[in-house]
Amino acid sequence: MHELAVARRIVAIIRERERIDRFVRVQTVHVTLGPFTCVEPEALRTGFGAAAAGTSAEDAAMEIEHVPARGTCPACHAEQAVFDYFAACEACGTALDHAGGDDLRVARLEVT
Amino acid sequence: MCGTCGCADTPRVIELEQDILADNDRHAGANRAVFAERGLTAFNLLSSPGSGKTSLLVRTIEDLAGDLPIAVIEGDQQTDRDARRIQATGVPAHQINTGKGCHLDAHMVGHGVEHLTALPGWRDGAALMIENVGNLVCPAGFDLGEHARVVMLSVTEGEDKPLKYPDMFRTADVVLLAKADLLPHLDFDLEACLANVKRIAPQAATIVLSVKSGDGLDAWYGWLRERIAAATPLATQAVA
């Protein structure tokens, strides 16, 4: 299950920032996920709980923000937010082209 | 609690917007530099377990290794069976065992390439075939630094798989429909499968092939040669 590998990367990012920003405890990790990111949110939470044990992020909450991909209609050129592969244009019903959607970021940390 | 005035510690916010896979992407970038330096065209081969990746590689090597140098990195949880099958054909192969891991990442592949290029008799300018761990889910998210992604689906797996595994199929440069010799024995809807691939991956070429019968292999070899020519102009002179 690769969500554990992703969770370990998040913990590594936190450890890098600990030295730079001098905090003792992470209260909340805010993660941004796109709709086409190959990460299952609940598996990520579970993995993070395991990976963070014994670190400043032990017991930290994980807040996941789901952000859309950018959809463009090849027929009428309307733009809209897209959350699934087969989204249709709200204006004319054509299947949308989409860009982005792979977001996998640590947006911010709430620390003390 | 604050030791000075007894207030509860108010959390402060550290804005990061840091890409979590930046580390893998950095290794993928380093791999690209090595590939360019050594004239390697790298292909990431992806499929379910048992679709026929290794068999296709063995047949490709047997048919092409006379005029196209090929080297292989094999990824499996356990055993070196696949690397040994490739080595029996006479081309260099390196096995990566991921243990509990479900995908190859760029760091592993970077070390794999170091092992290959240190082998006695190694020659630059090869087509580097990276056979990923058999898995239609996890490997999709990990850039290895490859020039192209080859996603295989055998006809015994069902025509709906491109829609069921969109994260994988949407990244394909070519989709190979393998074991086509079995079509007479199956209720596989080939046209529906090709339409499904088109829907999820409009950019992908599609090739229907069979290692057993040889059907479609010329198209596969032609596609490979085109990608190699596009990626490494110097290598073209070696294969022309």
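Letters A, B, ... mirror the listed sequences (proteins, then strands); counts begin at 1.
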>> Quick one, L109(A) with V13(B), criterion side-chain contact (heavy atoms from CB on, under 4.5 Å). Give me CA distance, side-chain angles, the key distance, then yes/no.
In response: CA-CA 6 Å; L109(A) 303 174; V13(B) 175; over 6 Å; no
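Residues I13(A) and L16(B) come closest through the heavy atom pair CG2-CD1, 4.1 Å. Heavy-atom minimum distance, C38(A) versus D167(B): SG-CB, 3.7 Å. In terms of heavy-atom proximity, R12(B) sits nearest to D21(A) at NH2-O, 2.7 Å.
The most heavy-atom pairs under 4.5 Å with chain B, out of T28(A), V106(A), D97(A), come from V106(A). No other option in A22(B), P166(B), P139(B), A140(B) has as many heavy-atom pairs under 4.5 Å with chain A as P166(B). Interface remark: of the candidates T112(A), L104(A), V39(A), L104(A) forms the most heavy-atom pairs closer than 4.5 Å to chain B.
Contact annotation for Y85(A): only side-chain heavy atoms (C-beta onward) come within less than 4.5 Å of a heavy atom of chain B. Proximity to chain B is limited to the side chain of R17(A), based on heavy atoms less than 4.5 angstrom apart. When heavy atoms are compared at a cutoff of 4.5 Å, E110(A) approaches chain B by way of both its backbone and its side chain.
Note that the CZ atom of R8(A) and the CG atom of D23(B) stand 14.0 Å from one another [nearest 0.5 Å]. Atom CZ of R105(A) is separated from atom CG of L21(B) by 12.0 Å, given to the nearest 0.5 angstrom. With values rounded to the nearest 0.5 angstrom, E40(A) atom CD is found 11.5 Å from C138(B) atom SG.
A 4.5 Å side-chain heavy-atom check between R108(A) and I14(B) finds every atom pair outside the cut-off. Residues Q18(B) and E16(A) meet the side-chain proximity criterion, which asks for heavy atoms closer than 4.5 Å.
Within 6.0 Å of CD in E58(A) there are more than 12 heavy atoms belonging to other residues, nucleotides or ligands.
Looking at D102(A) and R170(B), a side-chain N of the basic residue comes within less than 4.0 Å of a carboxylate O on the acidic one, giving a salt bridge.
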